[in-house]
Amino acid sequence: MTSGTGPIPKISLQNITKRFTVRPSKDNPDGAVLTALDGISLDVSAGEFITLVGPSGSGKTTLLDLLAGLTKPDSGKVLVDGREVAGPGRDRAVVFQQYALFPWRTAAANVSFGLEGAGSDGKRYTRKERAEKAREYLGLVGLGGFEDRYPHELSGGMKQRVAIARSLAYEPDILLMDEPFAALDAQTREQLQTELLRIWATTGKTIIFITHGIDEAVYLGQRVAVLSSRPGRLKEIVDIDLGDRSGDEDVRSNPAFVEHRHKVWSLLHDEVRRAQAAGHAKIQPDGTAPDETRTITTGKAA
Amino acid sequence: MSTPTLTKETETRPGPAATAGDAAKEWNPALRPGSGKTPAARLRLYARQGGNAVWGAGAIILFLLLWELGPTYLAPASTRVFLPPLHVVLEALGTLIANGQLQNHLAASLSRSASGFGIAVVSAVALGLLVAWYGALDRFLNPLLEVFRNTAALALLPVFTLLLGIGETSKISIVAYAAFFPVLLNTIAGVRTVDPLLIRAARSLGLSNFQLFQKVILPSAVPTIFTGIRMAGTSSILVLIAAEMVGAKAGLGYLIVNSQMSFLIPDMYAGILTVSLLGLLVNYLLVGVERHFSRWRTAVGSRTA
Ligand SMILES: Nc1ncnc2c1ncn2[C@@H]1O[C@H](COP(=O)(O)OP(=O)(O)OP(=O)(O)O)[C@@H](O)[C@H]1O
Ligand SMILES: [Mg+2]
């Protein structure tokens, strides 16, 4: 729960603004400038698990791209370990919603993808070491024995495990996850959530986890950052204190959980309504996501 | 049958990694086709496969029967001369093989199409990669490429003959020309259709432009490129035969036309038969290569039986 006081934070966003120029269309022939993120400041300390929620189009993915070094902010600074992010680096790994596995590579070859070539420290892995690492990390995500499978031979949950193993394999300090479990069924999702917490506890990574599920955000995060609808501003950060989560009891029915969940829900409520009015219907205040079932229930908020 | 349930089980098992690993090992053999079937079931499977084979070959067998019997019993005598029954053609084919003529013609055709095809594949893949990678080059070249692509190769045959003579050069060139465009266009399409998410993933792993090209764009484009190569293989034979019919002293196209003019009708059909067998063979080989390189794409390539 220590927010960035004292030593330099692991990640520091300082007054980030990101704009996109929209291509000219029939409606506005000159094109327009769209502000996706507006004045975001956030410190994340080492080893922290922070979740990020916000209506569709609030700029969550944009924020993640900035952290990953895939894009640059228009103003403000993204600092990792006190240094400005210049591009992608092996200290950060991204897990995407749609798995993003290389279909022509086996599970093991996907996991070892990031280990090919020289690392930032100039270290090179031999073929054997890479295979060893791949086996190790596939084991860590519960996929031992699946090394030689191609992605099309794996289920969605397995693919996402491979993607997680791939991002862990080159041992980044920071895991950036963009709605990684959104496409999975409820049981698989819950199971992967538990495993992610276990991996987090054993490896001590700093994790930034984007989700559109309020339950997921409250269950996983030590803090939940709520973004406003476009342009994305940091609306509030909710500290989550669920006590000891390692027990067998159902955390989700714990009164503290319900209370936190309600708090995040209320914060999102207005934003979601506003986003829906603007034509998005991705996230419902009750935490369900209609786009998963493809039943759009606009205006049914509250 | 049991595969999906086992997948589920392995996947939803919360336990430690070792457990899932064991389940995976149990699972592997189940994937092998044919295992775990009773002998009777296997027999039924073979019977069905045999039946399918007969049914699949039925049309061909009927056609050959018609070819054999039709000229003798159905056609008027005047036509029979121009359409000899199958066994006469096969005899002619046997003679051509025995005296080595067929091999000579085949060798001539093969060496021409192989060189033309090879030149086309190498240059078209290289140019295609360049064009797809450099957008400016694409915008510059695309209109011209469209014009050439839509000009039938055979329409240019007289030009090739005028400029390059009737020797090997003109034939190899026209084959290369015909094979060039399918490969080029498919290479460009293959590079274009790389999943942008994969590019993002690779970039987030810190790949340089060159590595991105080598490790993501190229492998992902390979199946599409091979589709182009297969199409090129077919069209290179087609164009070559036509070119050999116009001006050549050897080759299957020459054999066909020369036999016709010398009124050696069975020899002519023997040449045609060789051409279609060659086409089939080439296509079969190229389909195999294509499938080999796209086996990761979907389950279709790895489908058994
Ligand atoms: N490359 C781009 N060019 C133009 N506009 C963009 C671009 N990328 C994102 N945007 C816009 O920026 C806004 C924020 O997009 P972003 O993808 O970050 O939203 P998000 O919060 O991740 O939404 P979701 O929950 O639906 O994934 C959107 O309105 C989107 O249309
Ligand atoms: Mg997003």
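Just so you know, these numbers come straight off a predicted model, no measurement behind them. Throughout, protein chains are lettered first and strands after them, A, B, ... in sequence-line order, and every chain is numbered starting at 1.
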What one should report as the nearest heavy-atom pair of B:Leu198 and A:Leu101 is CD2-O, 3.1 Å
Exercise: identify the closest heavy-atom pair between A:Tyr170 and B:Ser204 = OH-O, 3.9 Å
From [atom1] ([X]) to [atom2] ([Y]), nearest 0.5 Å:
{"X": "A:Asp178", "Y": "B:Arg200", "atom1": "CG", "atom2": "CZ", "value": "7.0 Å"}
{"X": "A:Glu116", "Y": "B:Leu205", "atom1": "CD", "atom2": "CG", "value": "10.0 Å"}
{"X": "A:Trp104", "Y": "B:Leu218", "atom1": "CH2", "atom2": "CG", "value": "9.5 Å"}

Okay, A:Asp148 and chain B: the region with an atom under 4.5 Å from a heavy atom over there is neither
Given a strict heavy-atom distance threshold of 4.5 Å, which part of A:Ala100 is in contact with chain B: side chain, backbone, both, or neither?
-> both
Checking B:Val222 against chain A: side chain, backbone, both or neither under 4.5 Å from a heavy atom?
-> neither
CD1 (B:Ile60) with more than 12 external heavy atoms under 6.0 Å = no
Go through A:Leu176, A:Val94, A:Leu70 and name the one with the most non-hydrogen pairs under 4.5 angstrom from chain B.
-> A:Leu70
So which of A:Ala93, A:Ala163, A:Gly114, A:Pro88 has the largest heavy-atom pair count under 4.5 angstrom toward chain B?
-> A:Pro88
For the residue pair A:Phe113 and B:Val216, establish whether any side-chain heavy-atom pair is separated by less than 4.5 Å.
-> yes
Would you mind reporting whether A:Phe102 and B:Pro219 have side-chain heavy atoms less than 4.5 Å apart?
-> no
